[in-house]
Amino acid sequence: MGAALSRAAQWTAAGSGTGTLETTSLNESVLNEIIKFLEDVCTTHPQEAAFIFREPLEWETELSCSVFGEETVQSEAKGKDGQPVLLRTASTVRVRSFDQLSHLLQNAMEKKSKEAQACLEANRDPIVKILGPEYGTVEGEDLSMLHLLDKVKKDDDPETETIRRIILLLHQLDLQLLNSSLKHISQDIRLNPAAVNNEVNLLKNFSGKGEDTVLESLEYTSDYMFSNGCRAPPWRQAHGEICYLVIKPHDTDPLYITCSTAGVFLNGGKDDIDYERKSDVYKDIVTFLRERSPKFVENMAKQAAKKDTEEGRSNTVSRKAKKKASGTSSQSVRKKQSSKWYGLLIFLPSFFFYFYFPYLHKTGRFEDISESSSETEEDEEQPIRRQEGNTDLPSEYWGIQKLAKYLKGGNPTATVIALCSMRDFNLAQETCQLAIRDVGCLEVLINLLDTEEIKCQIGSLKILKEISQNTLIRHAIADLGGLEIMVKILDSPDKDLKCLAAETIANVARFKEARRTVRQHGGIKRLVGLLGCNSVGSSSLTSYQAKDTEMARCGALALWSCSKSTKNKEAIRKAGGIPLLAKWLKCSHANILTPVAGTLQECASEPSYRLAIRTEGMIENLVKNLSSEHEELQMHCANAIFKCAEDKETRDLVRQHGGLAPLSVLLGNSENKQLLAAVTGAIWKCAISRENVSKFRECKAVEALVGLLTDQPEEVLVNTVGALGECCQEPINRTTIRKCGGIPTLVKLLTGTDQALLVNVTKAVGACAAERENMTIIDRLDGVRLLWSLLKNPNPDVQASAAWAICPCIENAKDAGEMVRSFVGGLELIVNLLKSKNKEVLASVCAAITNIAKDEENLAVITDHGVVPLLSKLANTNNDKLRRHLAEAISNCCMWGSNRVTFGETKAVAPLVRYLKSNDPSVHRATAQALYQLSEDPNNCITMHENGVVKLLLAMVGSTDETLQEAAAGCIANIRRLALATEKAKYG
Amino acid sequence: MSRRKLQQLVESLGRSAKHFNKSEVECLIKLFNALVKRPGQSNSRFAGVGFDRNMFRDTLHSAFGMTDVMLMDRVFRTFDRDNDSCISVVEWVEGLSVFLRGTLEERIKYCFEVYDLNGDGYISREEMFQMLKNSLLKQPSEEDPDEGIKDLVDIALKKMDYDHDGKLSFMDFEKAVRDENLLLEAFGPCLPDLKWQTMVFQPAPSAGL
């Protein structure tokens, strides 16, 4: 804080009535320095930090209550007069010590600089508030430090002591701020004619006869000025020289200097110009003079002291100079020259702040002269744009620019006229959208949202709503902090305003960061709030209810956009959005149903939503709207069912509410691909339930699905093929597919690349292969080879799915053994898949091996490829599916050579015995069969017996499953036989 | 005012000012009486009878935050149906009925009357200029400060003058406002903000307005 701050306030005062600090990198660094100072002061100077300000610093905070805990908060610490040092009521904060100030900023976290800025803006002269009015306004700002110190020295009570130290601290900060500001503005200085001209003009204003002037005189050597602003003769201009000056300081001989683009230096002057450089190069005339003339420095300081009285005059000077510059030079020149000024002004602290602020701090009517140095972004863009302006900018651009003037500089009445007029442009056109951004209207429109003027807010939002269709604009709005303000507007009592804000949010929140911003500023809760009204269901609406419906529509639109982020889905749920969405889903207006269903289908990716959709009875309404006449609505409903029908109960509900028939009907709509994808998806998931398959068959869905196998985009194909795969649960559907000519298309799809599609296609082909006639076609089309080659696919899902599909093919193909052998390297490939880490792949490959092993010759081949030890290695698993197929594979592989013995040697037997303790009867059956096969080898019998197999098998003998009975009994018999033989050998 | 007289007045006004119920009418009459009898108004010609121009202006300012003197005078003229430069209690209640609760149609009519400064049935270019002349911040760079206002008038005309006769008829104005409600107060605030609408009827001491 400190003097710099009090000056900051002064800058604003010079700028306009109600000033704000513009976001420039320079201001930012000043703010950051101040914040850092505040944060440090508590630890380094605790005594000063506890000092109670004369008057509280008071400002409107943006911090939410959560930072403070409650709506009205006051600190426990009190000042001498019993006032709390920190008091927050509604959105106003009053702080009375550095301590609390720094705590507050710490709590503010990332809003730190915003708060600091708000504080500075609201407290133009903080030093007065901190130390009392007598300190703020002592004669002259800049020498005030000395006066203040004198004053403090005179009396010596401890508080004055503290005050003195605070003053010193503030002064220190002040210097620091000046230095860092200087660093900022002194970068990249190159002189140009306009800059030199201005500097000369300014110095001339402070030159002349008398003791107090900074110079006696300063003259150009030539009055003639070339059109480019240079006074040097053309051949010297080639060396970068601009002009030559004769300067008479009070205390030295006349100085003859050259101003060139590289800087200022002494030349060999006198009567004839000697162009030779005779001194170092300085960056500007003032720096040069400062080195050469002590008197100059001294008088500059004197001028500073007189500042108060001369304020008015210097003001006009600056304006005049400024105006001249703008008249003669281009925008970019102006910018350079303004940065040039700082070099001079830094020696005139009073001037410094005087000029500095209007340049750097764009506010209100100073807009036109405030294009300045530190807006790096604009610096890059503006020249390019200006050039465009000369070439071929569309006429809309100029029209919009003209209106922008009234938006920026008009009262609410003029602003509303301009806003309404702007809407007459075709805002859907990108030219206009970008023109609005480029002429700086976007900032103004967003600023308008932050006012109290409802009409301006509405007008502005109407425009923003339109232009936010454009991605660039969306990002720009978010970057300018528009979302935060719009979220705030959602609290407004005006319903129209709320609707517009929500609709605009819906447009802007189409990208991740925007969605996050909405959430972080409490937007989700407010948007959900828009849905909360009680006029749902009635078909004839009063105007009041119509408003509510409109509000809900806009809210739902915004939620829909927001619901694309997972965290937002959660936030909607937590804000109680689900019952409200359910309520609105019951209404009959398509324009609100669409966003509601859209939100629901987006959120249905979350299990919690799927559960809620089922339990809140939304399935019924989703099904009902499948028959709506709005395709978009149909699509969202189908999508929601698609995502929800993963759960069995939901599938049953869809059937019970009669949703399967409308889904089948929608298959006929082959134009709208998105709808088709959603519908086929819903059918796919619903068809997982057998009952639903029968229903689909009745609706002739299978035929329709086969028809969709050609010429469809991938997302439709994936779902269609998935649905067909599920439909094959009913044997009759397999025949239907063949009769409709679906098999060749399916086999052809095996050559695709899309992983999701391949998983579904292999599954469908496998399901079809369960029928011999189908298998003949598949075999003829070489489908099994295609399936086999998919085992090489890197995706385990595809591998597993292909292996599963191979099983029925081998079962049902004629000459299956021959066919399998004909695949070169095929058997080795499949055996090696037993090394996979994926349980599903392992189970599927075991199943395939079971089938392969039925052919003796092939069994011999896979035995050579080492199938036995690989299978044994898998034996220690808890996965019942794998156990079952593994046991089956083992039992089939026992049929060759010494495989039984090898299984025993590779320790497969003991784990198999444990399988009998599983809860899955199919595992028991397969295991018993495997054990029966293995028990042909005496050593295996011993191992089994040692692992307590007999007791387990005895229980199995009582099973109703004959195969299991038989295998169990056989196994026991083998063990018994061995025991008898042993006894016989021993005793007999 | 006697109780009976008051009752009668309430009865008749309850019929003519259709946006207020009886208790609201009564409330407004009391308010009227309180305002009219306010000390400091006694030197007025109409003391105790009705509002004169200044009193009304003060009331508009303090109750509805209006600031534009010219428009406030126009509002006065619009309220003052019989043109006697005094707003009677009947004019007061009926005027407020539109002012506070008017339908869009009534408000369009009211605003048009306010903006039609000379009452000739048209809002002319000059009238617009009058009403908008303070609507722009003075730009120091601007050579002719009126230039901006003239442009603004042109913009407004372009937007609202449907029949292209260079002035706004009531038809023009009505069409423009129906098209875009924001244009209702296109030439300056002459209706209360939303937030004022309930204030008048607050049971607080009515003179405290």
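Order of the sequence lines sets the chain letters (A, B, ...), proteins ahead of strands, with each chain counted from 1.
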Chemist: Could you check whether any side-chain N or O of A/Tyr406 sits under 3.5 Å from a backbone N or O of B/Leu136, counting only pairs where one atom can act as donor and the other as acceptor?
Modeler: no

Chemist: Between A/Leu419 and chain B, which part of the residue has a heavy atom less than 4.5 Å away: side chain, backbone, both or neither?
Modeler: neither

Chemist: Heavy-atom distance under 4.5 Å to chain A: side chain of B/Glu180, backbone, both or neither?
Modeler: side chain

Chemist: On a heavy-atom basis, which atom in A/Thr413 and which in B/Glu185 lie closest, and how many Å separate them?
Modeler: CG2-O, 4.2 Å

Chemist: Please check if the number of heavy atoms outside B/Tyr122 that lie under 6.0 Å from its OH is greater than 12.
Modeler: no

Chemist: Sort B/Asp179 into side chain, backbone, both or neither according to what part of it lies under 4.5 angstrom from a heavy atom of chain A.
Modeler: neither

Chemist: Does NZ in B/Lys109 sit with more than 12 non-hydrogen atoms of other residues, nucleotides or ligands closer than 6.0 Å?
Modeler: no

Chemist: Taking CD in A/Gln469 as the centre, count heavy atoms belonging to other residues, nucleotides or ligands within less than 6.0 Å. Is the count above 12?
Modeler: yes

Chemist: Checking side chain to side chain contact (heavy atoms under 4.5 Å, CB included) between A/Ile417 and each of B/Leu182, B/Val153, B/Leu132, which is the one that passes?
Modeler: B/Leu132

Chemist: What distance do A/Cys420 atom SG and B/Asn181 atom CG have between them, rounded to the nearest 0.5 Å?
Modeler: 9.5 Å

Chemist: For residues B/Leu152 and A/Ala414, report the shortest heavy-atom separation together with the two atoms involved.
Modeler: CD2-CB, 3.5 Å

